[in-house]
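The analysis underlying the following values was restricted to heavy atoms, covering all of them including side chains, and did not include hydrogens, waters or symmetry mates. Index from 1, following the sequence. These numbers were taken from a predicted model, which means no experiment stands behind them.
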Amino acid sequence: IDDQLINDIASQNGVFGGRIITQYLTPFSKKTTRDYLNEKAPYLNFDDESFERFYKCTNGIPYYINTLANQLPTDTLLTKEDIVECFDNNLYFLIKYLINTWIRLTNREKDIFITLLEKPLHRNEIGEKLNVNPASLSKYFNKLIKLGLINNDHGLYSIKELMIKRWLEVEFRNNGYYPYR
């Protein structure tokens, strides 16, 4: 579990004494996703290209699959452009719980995440871009990693949570700035 709050609540020492039952749904494979949509949403008409885009947008995560599928136009052949447009227009609904996480980040944590939007960087490069001593960023990196927002692969930091990345890109494209508060 990447989320410390869930761990604190659901653990043996949590407020419910370990009696909370949680069930994690692993992401669906492409085949399972297609079969699921054929059964539950036969009115959605994908060609191979639009289905590939749909799967890429949802990463096979059941919540994302259901949310995006409910927003798509019905009884028409969907193009990959239809999928991207619908995805971008409904991004807020797909990731509202992640936006809540974003809102709770400090400005420095947001700065670090935004700095990583273009490409993975090393700590020194991030410090240089933010005009701060890289050593002063440790607690921010640790929190972002603990929240599952970024990765550290042998000193190379990259974005892990691609849904927030996409949301920020859309926000910047539409408004000309990244949301801070």
Side-chain angles (χ1 to χ4, degrees), residues 2-3 27-28 30 33-34 37 41 43-132 134 137 140-141 143-153 156-181:
D2 282 337
D3 190 333
F28 291 173
K30 283 184 187 178
T33 300
R34 187 174 293 273
L37 290 171
Y43 46 82
L44 295 177
N45 299 313
F46 296 97
D47 61 16
D48 288 340
E49 192 174 63
S50 63
F51 177 76
E52 286 296 320
R53 175 53 67 180
F54 179 89
Y55 189 78
K56 184 176 180 182
C57 287
T58 63
N59 292 319
I61 297 170
Y63 173 77
Y64 296 157
I65 291 169
N66 288 330
T67 304
L68 185 56
N70 284 328
Q71 302 304 316
L72 290 171
T74 60
D75 298 321
T76 183
L77 182 61
L78 298 165
T79 66
K80 73 176 186 176
E81 290 80 15
D82 293 332
I83 303 299
V84 170
E85 180 181 351
C86 186
F87 179 80
D88 286 348
N89 290 339
N90 292 285
L91 201 50
Y92 174 80
F93 298 108
L94 288 165
I95 67 162
K96 57 186 168 186
Y97 72 96
L98 288 172
I99 293 171
N100 194 32
T101 299
W102 176 261
I103 290 168
R104 288 185 163 80
L105 296 178
T106 67
N107 285 345
R108 180 63 73 207
E109 291 158 350
K110 291 175 186 177
D111 288 340
I112 291 169
F113 194 92
I114 289 168
T115 300
L116 294 171
L117 286 176
E118 287 183 37
K119 64 179 183 176
L121 297 169
H122 290 94
R123 177 187 294 252
N124 290 341
E125 296 169 307
I126 296 168
E128 186 177 307
K129 286 184 177 273
L130 298 178
N131 200 27
V132 298
L137 299 175
Y140 305 113
F141 285 128
K143 181 177 174 187
L144 291 168
I145 290 168
K146 189 175 185 177
L147 290 172
L149 300 178
I150 67 171
N151 287 319
N152 177 4
D153 185 19
L156 185 64
Y157 293 89
S158 62
I159 292 176
K160 180 177 181 181
E161 183 46 70
L162 299 178
M163 290 293 230
I164 287 185
K165 178 183 180 189
R166 181 62 178 182
W167 173 68
L168 289 171
E169 291 167 344
V170 169
E171 286 290 309
F172 188 81
R173 183 183 70 217
N174 292 341
N175 302 320
Y177 57 87
Y178 296 109
Y180 270 79
R181 295 256 184 241

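The residue from Asn45, Leu44, Leu78, Leu72 that alone fulfils the side-chain contact (heavy atoms from CB on, under 4.5 Å) condition with Ser50 is Leu78. Under the side-chain contact (heavy atoms from CB on, under 4.5 Å) test applied with Leu149, the options Ile112, Leu105, Ile159 reduce to a single match, Leu105.
For the atom pair NZ (Lys56) and CD1 (Ile83), the distance works out to 13.5 Å, reported to the nearest 0.5 Å. From Ile99, atom CD1 reaches atom CE of Met163 across 10.5 Å, with rounding to the nearest 0.5 Å. Between the OG1 atom of Thr33 and the CD1 atom of Ile65 there is a distance of 3.5 Å, given to the nearest 0.5 Å. To the nearest 0.5 Å, the span separating CG on Asn124 from NZ on Lys129 amounts to 13.0 Å. Atom NZ of Lys160 is separated from atom CG of Leu147 by 10.5 Å, given to the nearest 0.5 angstrom. One distance of note links CG of Leu98 with OH of Tyr92; it measures 11.5 Å at 0.5 Å rounding.
Residues Tyr180 and Ile114 form a side-chain contact, since some pair of their non-hydrogen atoms from C-beta on lies under 4.5 Å apart. Between Glu169 and Leu91 the shortest side-chain heavy-atom distance does not fall below 4.5 Å. Residues Phe172 and Leu117 are not in side-chain contact: their nearest non-hydrogen atoms beyond the backbone lie 4.5 Å or more apart. The shortest distance between side-chain heavy atoms of Thr101 and Glu161 does not fall below 4.5 Å. Side-chain contact between Ile126 and Pro134 is absent, with no heavy atoms from C-beta onward closer than 4.5 Å. Side-chain atoms of Leu156 and Pro120, non-hydrogen and from C-beta on, do get closer than 4.5 Å to each other. Put simply, the side chain of Arg53 does not reach to within 4.5 Å of the side chain of Asp82, judged on heavy atoms. Inter-residue side-chain proximity for Arg166 and Ile95 is flagged as unmet; no heavy-atom pair is nearer than 4.5 Å.
When all heavy atoms of Trp167 and Pro179 are compared, the closest pair comes out as CH2-CG, 3.4 Å. Pairing each heavy atom of Ile103 with each of Lys110, the nearest pair is O-NZ, 3.8 Å. When every heavy atom of Pro73 is checked against every heavy atom of Thr76, the shortest pair comes out as CB-CG2, 4.0 Å. Heavy-atom minimum distance, Leu94 versus Tyr63: O-CE2, 3.2 Å. Contact detail for Lys143 and Arg104: the closest heavy-atom pair is NZ-O, 3.9 Å. The minimum heavy-atom distance linking Glu109 with Tyr140 is given by the pair CG-CD2, 3.6 Å.
Within 6.0 Å of atom OH in Tyr43, more than 12 heavy atoms from other residues, nucleotides or ligands are found, so the atom counts as buried in its surroundings. For Asp48, the CG atom sits in a loose shell: 12 or fewer heavy atoms of surrounding residues, nucleotides or ligands are nearer than 6.0 Å. By the 6.0 Å contact criterion, CD on Glu128 is open, its count of non-hydrogen atoms from other residues, nucleotides or ligands being 12 or less.
Between Trp102 and Phe113, the ring-plane angle classifies as perpendicular under the 30° and 60° cut-offs. Taking the six-membered ring for Trp and thresholds of 30 and 60 degrees, Tyr97 and Tyr64 have nearly parallel ring planes, at less than 30 degrees apart.
Taking the charged nitrogens against the carboxylate oxygens, Glu52 and Lys30 do have a contact shorter than 4.0 Å, which makes a salt bridge. In this structure, Lys80 does not pair ionically with Asp47, as no charged nitrogen and carboxylate oxygen lie closer than 4.0 Å.
Tyr178 and Asp111 form no side-chain donor-acceptor contact under 3.5 Å, judged by distance and modelled atom types alone.
Relative to the ring axis of Phe51, Arg34 places its NZ or CZ within 45° and under 6.0 Å from the centre.
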